[in-house]
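Structure first, then comments.
In the text below, chain A, chain B and the rest are named by the order of the sequence lines, each starting its count at 1. From a predicted model like this one, the values you see are computed outputs, not experimental measurements. Heavy-atom basis, side chains included; hydrogens, waters and symmetry copies ignored.
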Amino acid sequence: MSEFEMVQLLSPTGERVHHGDYDVDFNDEEYRGLYRDLVMIRRFDAEATALQRQGELGLWAPLLGQEAAQIGAGRALAPQDMAFPTYREHGVAFCRGVDLVQVLSMFRCVDLGAWNPAEHNMHLYTIVIGDQTLHATGYAMGVAKDGAIGSASGTATMAFLGDGATSEGAVNEALVWAGVFEAPLVFFCQNNQYAISESTDHQTRVPLAGRAPGFGIPGIRVDGNDVLASYAVTKAALDRARMGEGPSFIEAFTYRMGAHTTSDDPTRYREGSEVDAWKAKDPISRYRAFLTNNGLADEDFFDQIDAEAEANAIAARTACLALPDPAPLSLFDNVYANGSPPLERQRDEFAAYLDSFADTEEAAK
Amino acid sequence: MSEFEMVQLLSPTGERVHHGDYDVDFNDEEYRGLYRDLVMIRRFDAEATALQRQGELGLWAPLLGQEAAQIGAGRALAPQDMAFPTYREHGVAFCRGVDLVQVLSMFRCVDLGAWNPAEHNMHLYTIVIGDQTLHATGYAMGVAKDGAIGSASGTATMAFLGDGATSEGAVNEALVWAGVFEAPLVFFCQNNQYAISESTDHQTRVPLAGRAPGFGIPGIRVDGNDVLASYAVTKAALDRARMGEGPSFIEAFTYRMGAHTTSDDPTRYREGSEVDAWKAKDPISRYRAFLTNNGLADEDFFDQIDAEAEANAIAARTACLALPDPAPLSLFDNVYANGSPPLERQRDEFAAYLDSFADTEEAAK
Amino acid sequence: MSTMTMGKALNSGLRTVLDNDPKTILMGQDIGKLGGVFRITDGLQKDFGSARVVDAPLGEAGIIGTAIGLALRGFRPVCEIQFDGFVFPAFDQITTMLAKMHYRSAGKLRLPITIRIPYGGGIGAVEHHSESPESYFIHTAGLKVVTPSTPADAFAMIQQSVTSDDPIIFLEPKRRYWDKGEIVEDSNDWSALHSARVVREGTDATVAAYGPMVKTSLQAADAAASEGRNVEVIDLRTLAPLDLEPVFTSVRKTGRLIVVHEAPMTLGLGAEISARVTQECFYSLEAPVLRVTGFDTPYPAARVEETYLPDLDRVLDAVDRSFDY
Amino acid sequence: MSTMTMGKALNSGLRTVLDNDPKTILMGQDIGKLGGVFRITDGLQKDFGSARVVDAPLGEAGIIGTAIGLALRGFRPVCEIQFDGFVFPAFDQITTMLAKMHYRSAGKLRLPITIRIPYGGGIGAVEHHSESPESYFIHTAGLKVVTPSTPADAFAMIQQSVTSDDPIIFLEPKRRYWDKGEIVEDSNDWSALHSARVVREGTDATVAAYGPMVKTSLQAADAAASEGRNVEVIDLRTLAPLDLEPVFTSVRKTGRLIVVHEAPMTLGLGAEISARVTQECFYSLEAPVLRVTGFDTPYPAARVEETYLPDLDRVLDAVDRSFDY
Ligand SMILES: Cc1ncc(C[n+]2csc(CCOP(=O)(O)OP(=O)(O)O)c2C)c(N)n1
Ligand SMILES: Cc1ncc(C[n+]2csc(CCOP(=O)(O)OP(=O)(O)O)c2C)c(N)n1
Ligand SMILES: [Mg+2]
Ligand SMILES: [Mg+2]
């Protein structure tokens with residue numbers, strides 16, 4: 001894959017690097033807040049993986065390694081902005097104030113999507129690769145139709161996607177539409193180097209950030225393991241959108257340090273040495289070094305965050321285990337907003353059938 | 001739409017322009033041959049439009065205005081190359097030696113595709129926008145698998161598409177695949193400024209030739225009303241492909257001078273003045289001026305070609321009118337290569353039903 | 001009351017919904033200046049502007065996918081797919097996203113999207129312009145599917161569909177666009193959207209049809225009458241959810257049912273109706289439910305479509321065969 | 001003869017076709033190094049190279065569209081769609097191109113393409129991983145659809161499908177991948193690809209099923225036997241074209257038919273079978289054809305899928321209800 005400039009504000013060892021176009025303007029508290037976010041979500045993610053290993057989730061898609069990209073993007077979002085995630089945006093969900101237990105519930109298979117998108121301005125997870133990018137585009141077109149852009153308090157929309165997703169027709173149509181309608185939208189593509197077992201060169205021979213200009217959309221590559229750069233680049237793109245200056249495409253260059261999902265076995269398709277090389281660029285240790293070097297935080301602070309993250313993870317576990325199974329007949333609910341008589345009849349007949357067992361059991365007593 | 005360099009070898013008034021990268025190497029005979037092609041296909045196209053107006057075709061998609069793009073591309077193809085057309089590539093079909101009556105037959109609705117693709121190395125017309133670009137990509141991948149590239153006699157594949165088609169997911173997936181597999185393929189996009197009523201700015205705000213580089217495919221824009229430039233640019237791209245140097249994307253900048261199809265009414269969506277402006281860039285008068293100015297042809301020659309084109313069009317008309325309607329039961333043929341007993345039963349029952357009328361008619365006599 | 005073609009009735013209905021609700025928007029290829037290839041949206045962009053009557057890029061997934069996003073933002077999109085054969089690039093968005101969003105969100109999200117599709121054959125068109133894809137949608141839980149057979153129903157049903165909160169596939173029988181009829185402007189007189197209707201009473205056999213085949217079935221019933229057979233004709237109007245009560249009632253009376261549609265036989269709607277009616281009216285049926293349908297082939301070249309499509313004679317033949325049992 | 005899981009049987013079958021014909025190629029997401037998410041193609045890229053076992057970019061339209069092009073160039077592509085719910089982005093290529101190419105070319109072109117799709121529920125998966133999309137393909141003229149229920153059939157049918165000259169949708173009942181059985185290596189002993197088969201003889205009622213529901217139906221038949229009812233079970237094996245002769249024969253004997261599938265009821269294959277059997281065996285049926293199927297809802301959250309999916313009890317209940325008529 002050929003070279004492409006990559007925006008960085010932190011070197012892999014945590015030195016602050018400067019960039020002509022991008023910068024952040026955080027106070028100490030905010031700097032520390034980002035660290036908390038990173039650690040909270042990594043710890044939660046580990047807990048979810050453990051829950052799956054223990055049979056308490058059907059599946060889990062870990063974000064391990066992608067914390068900085070997601071927290072950078074998630075924190076750049078303003079409350080009025082709308083986010084359209086894939087199935088791995090746990091860090092974004094956290095930033096949007098979604099109860100993480102509601103993230104677990106889908107993977108526990110007790111529901112298909114638990115939180116209220118309107119409450120958090122975050123759409124439900126989408127599993128079919130790329131489809132959400134068109135929803136995001138339409139939503140952003142709607143924002144523009146509503147006149148909710150053109151000022152610093154305008155509304156931006158963000159479409160999350162992976163490197164693999166860029167090969168889907170739907171994603172490219174989203175680029176077409178966003179370009180043509182100048183939708184107030186940011187495509188945030190986490191290039192984590194893999195689509196399950198396929199390295200990114202199975203999807204493209206040129207950098208993904210270069211895809212967008214051909215659709216009339218500026219493309220930029222950012223170091224996705226650098227939370228400050230991810231934030232700065234996303235913030236700038238969101239601001240562009242909210243001001244009515246059109247869509248952007250961000251390629252956040254990062255690495256999926258864990259398995260694709262808990263069903264996956266990455267040893268089949270990548271070398272441990274590759275993983276090790278990326279460990280050296282770990283988003284959290286890098287950011288921690290930055291905080292330490294600049295006297296923004298000390299061991300006490302780090303310990304306190306670890307404790308908070310631990311407590312949070314355990315609380316999520318407890319709440320997850322307490323999630324009730326759906327009632328059998330609930331599977332007939334909400335197929336239609338305005339109902340369907342034949343379906344109601346199907347449900348009633350099935351309810352009667354279920355009742356017949358209850359009768360039998362009753363009789364057997 | 002922003003500016004993009006456009007390769008030209010002939011000015012709109014027929015002056016020979018020189019270009020650093022592209023040139024042609026024709027003898028006088030070949031130069032004259034191109035003129036014959038242009039006139040033959042324009043005259044045929046007019047006849048087909050007339051046939052439709054007279055109720056002899058269900059529909060016709062005129063190529064009027066796009067002759068130079070198609071003849072340039074069509075003549076650049078080598079016999080072993082394979083072409084995947086849309087529904088408007090009558091000029092290409094002509095170059096590939098397809099009997100033009102077989103082009104008419106689909107529009108007369110007596111069949112769904114008449115010629116033998118293997119005989120002409122030209123696939124059947126495809127009506128669903130863009131789908132053929134993936135077929136072309138797969139075919140080209142197969143050529144590479146066969147080892148039929150890597151020399152001057154290698155096999156190239158060409159995918160035709162329109163400007164509107166570039167918005168379809170399928171076309172963008174074709175770009176993904178062609179890029180990733182370095183398919184020996186040329187995308188030849190005739191930007192005729194319209195997808196039915198929608199001008200190209202409904203599909204993109206940037207030049208279409210700029211779409212391809214984001215997929216790792218070089219893009220080039222050529223004056224599609226200049227038969228020499230269209231030929232030269234296509235030839236270079238085909239040679240690249242046959243040598244194994246990968247895919248290219250050509251945007252042939254041209255204009256659909258007539259209606260989208262005979263069902264269309266372009267006065268609803270474009271000004272006569274626009275059409276007039278493009279008439280000044282007419283591909284045939286431009287080329288005729290070039291031939292005349294350079295003493296390559298005289299009035300006699302032009303008259304002779306007109307006469308030949310006239311005779312050809314009339315012959316096509318006669319053959320078209322003689323095309324037999326399909327036999328009723330033929331609609332059951334060729335659904336499956338290896339047959340289907342239930343379908344055979346359906347046919348037999350229907351045949352018996354039809355026979356029952358014959359019996360009744362017989363009895364009535 | 002006024003008399004107009006089905007095409008014009010749809011145009012009037014769309015105009016009314018655009019007038020009534022500023023959140024209603026139209027999207028599709030060539031629906032603006034051109035007014036659509038069938039002119040169903042003629043004049044609407046001129047009157048409502050290009051922000052509400054949107055000429056879409058050439059990508060069906062894009063049309064439906066962005067419509068979903070617009071609906072999530074509070075809009076009420078009415079999408080046009082130019083022809084039946086071109087809905088398939090949008091099939092993923094329709095089946096995996098549009099149909100399921102209300103369900104997967106446990107009712108928190110609604111997608112009040114109408115997808116208009118001119119469908120069916122009989123107009124002498126080239127490939128992909130004459131298909132009857134209704135089965136794909138009827139089988140997809142979460143979608144509703146309706147189809148009018150008259151200008152009056154077209155006028156009413158398009159408005160009812162657009163104002164419904166469920167995603168609706170609105171199938172327009174394109175060969176009937178030019179048929180004229182009276183329309184009833186007053187919405188109090190409209191039948192419920194998801195209801196079938198007896199359009200001709202009869203006692204000897206029942207014919208159930210929808211969309212383009214209602215007219216054909218009525219003609220067949222007339223012809224049967226001249227042979228002394230009194231055929232009841234039911235216009236199903238709603239294909240999902242099915243309203244079969246009128247069919248059950250009719251079959252209990254006539255004992256014979258013929259279902260007519262242009263779509264291929266195998267897993268065409270006739271199959272479902274046969275299964276349900278047989279279960280519901282097992283003891284009333286004098287003959288098995290018979291189906292008069294397109295054949296199990298791709299849609300053929302139009303010069304032979306008259307052979308492919310069910311016609312008066314084939315319906316009559318089925319009525320006759322029904323009496324052979 | 002050797003004993004292996006269905007997954008392994010498919011792997012062996014694919015290995016054989018790759019061995020036998022250099023024009024056979026495999027394409028799909030993650031089928032190479034990973035061997036597919038279900039390991040069906042395990043080891044094949046290692047042995048046949050990445051030109052013949054192709055890890056595809058993430059686009060289903062691309063997989064099927066390029067496979068069509070490869071077939072036009074003389075290859076015999078076997079495509080894997082990773083899960084049932086992800087076939088829809090390819091739906092346009094499958095229905096408008098793959099299914100019709102032979103027909104529209106009047107027989108001049110053939111597309112010997114096999115599309116493998118792991119389908120069905122019961123594995124506790126997240127959304128889009130448990131669907132039964134067979135109706136969409138069965139309804140599409142030009143496609144053939146088959147599904148094995150045992151390792152032996154999986155081994156034979158995958159080879160027969162790949163060597164067939166028609167496009168075939170090859171549905172793999174993913175919840176049965178780990179079931180073991182004997183496979184017969186010798187192709188002389190195989191049943192014809194497009195044939196149904198009586199897998200348990202009986203006299204009182206007939207149960208017709210396919211894919212994952214064959215096992216369930218056999219279990220139900222065993223349970224029925226202990227209640228004194230002798231149920232015949234038919235494995236349909238081929239869904240398009242349907243081979244209903246064994247079903248007709250059976251129904252003429254038993255007078256009762258229950259069709260079982262996971263797909264939703266409305267326009268599930270049960271509808272077609274009901275319609276045809278009722279027409280063919282009208283005077284033999286003691287009861288209407290009954291259907292035991294998934295409900296007309298999207299596939300629910302997996303914690304409630306056991307309720308959604310037909311099981312032994314529901315099949316037994318239908319057998320009982322069939323005797324109520
Ligand atoms: C349309 C579709 N095809 C296939 C899949 C199966 N699948 C799930 S995740 C995945 C890889 C996605 O890769 P990428 O877009 O890079 O996102 P990542 O998982 O790396 O975050 C695939 C192929 C799917 N979910 N949807
Ligand atoms: C998938 C699909 N959608 C819609 C159509 C209807 N349609 C036929 S031609 C056309 C415009 C195509 O424009 P372009 O690609 O620029 O080709 P041109 O006709 O200008 O040669 C449309 C929308 C179609 N054939 N296929
Ligand atoms: Mg990835
Ligand atoms: Mg065009």
Ring geometry between D/Tyr136 and C/Phe91 (parallel below 30°, tilted from 30 to 60°, perpendicular above 60°): perpendicular
Side chain, backbone, both or neither: which part of C/Arg276 has a non-hydrogen atom closer than 4.5 Å to chain D? both
For residues C/Phe282 and D/Leu285, report the shortest heavy-atom separation together with the two atoms involved. CZ-O, 3.6 Å
Of all the heavy-atom pairs spanning D/Leu267 and C/Leu269, show the shortest one and how long it is. CD2-CA, 4.2 Å
Exercise: identify the closest heavy-atom pair between C/Ser132 and D/His139: O-NE2, 4.5 Å
Heavy-atom distances under 4.5 Å only: say whether C/Glu131 touches chain D with side chain, backbone, both or neither. side chain
Proximal component of C/Glu127, with respect to chain D [non-hydrogen, under 4.5 Å]: side chain
How close do D/Glu272 and C/Met265 get, counting heavy atoms only, and between which atoms? OE1-O, 3.5 Å
Max heavy-atom pairs within cutoff under 4.5 Å with chain D, candidates C/Asp296, C/Val277, C/Thr96, C/Leu290, goes to C/Thr96
So which of D/Ala90, D/Ala141, D/Pro298 has the biggest tally of heavy-atom pairs under 4.5 Å with chain C? D/Pro298
Which answer fits D/Gln93, side chain, backbone, both or neither, if we ask what part of it has an atom under 4.5 Å from a heavy atom of chain C? neither
What residue, out of D/Gly268, D/Ala301, D/Gly142, has the most heavy-atom pairs lying under 4.5 Å from chain C? D/Gly268
Quick check on C/Ser135 against chain D: is it the side chain, the backbone, both or neither that has a heavy atom closer than 4.5 Å? both
May I ask you to name which of C/Ala61, C/Ala287, C/Gly270, C/Gly85 has the most heavy-atom pairs under 4.5 Å with chain D? C/Ala287
Would you please classify the geometry between the D/Tyr325 ring and the C/Tyr283 ring as parallel, tilted or perpendicular, with 30° and 60° separating the classes? tilted
Using modelled atom types and a 3.5 Å cut-off, is there a donor and acceptor pairing between side-chain atoms of D/Gln279 and backbone atoms of C/Pro288? no
Begin from the C-alpha positions of D/Val289 and C/Thr278 and carry the test side-chain contact (heavy atoms from CB on, under 4.5 Å) through to its verdict. CA-CA 8 Å; D/Val289 177; C/Thr278 306; over 6 Å; no
So which residue, D/Ala263, D/Ser274, D/Ala271, D/Pro133, ends up with the most heavy-atom pairs under 4.5 Å with chain C? D/Ala271
Side chain, backbone, both or neither of C/Glu286 within contact of chain D (heavy atoms, under 4.5 Å): backbone
Can you pull out the residues in residues 240-255 of chain D with any heavy atom less than 4.5 Å from chain C? none
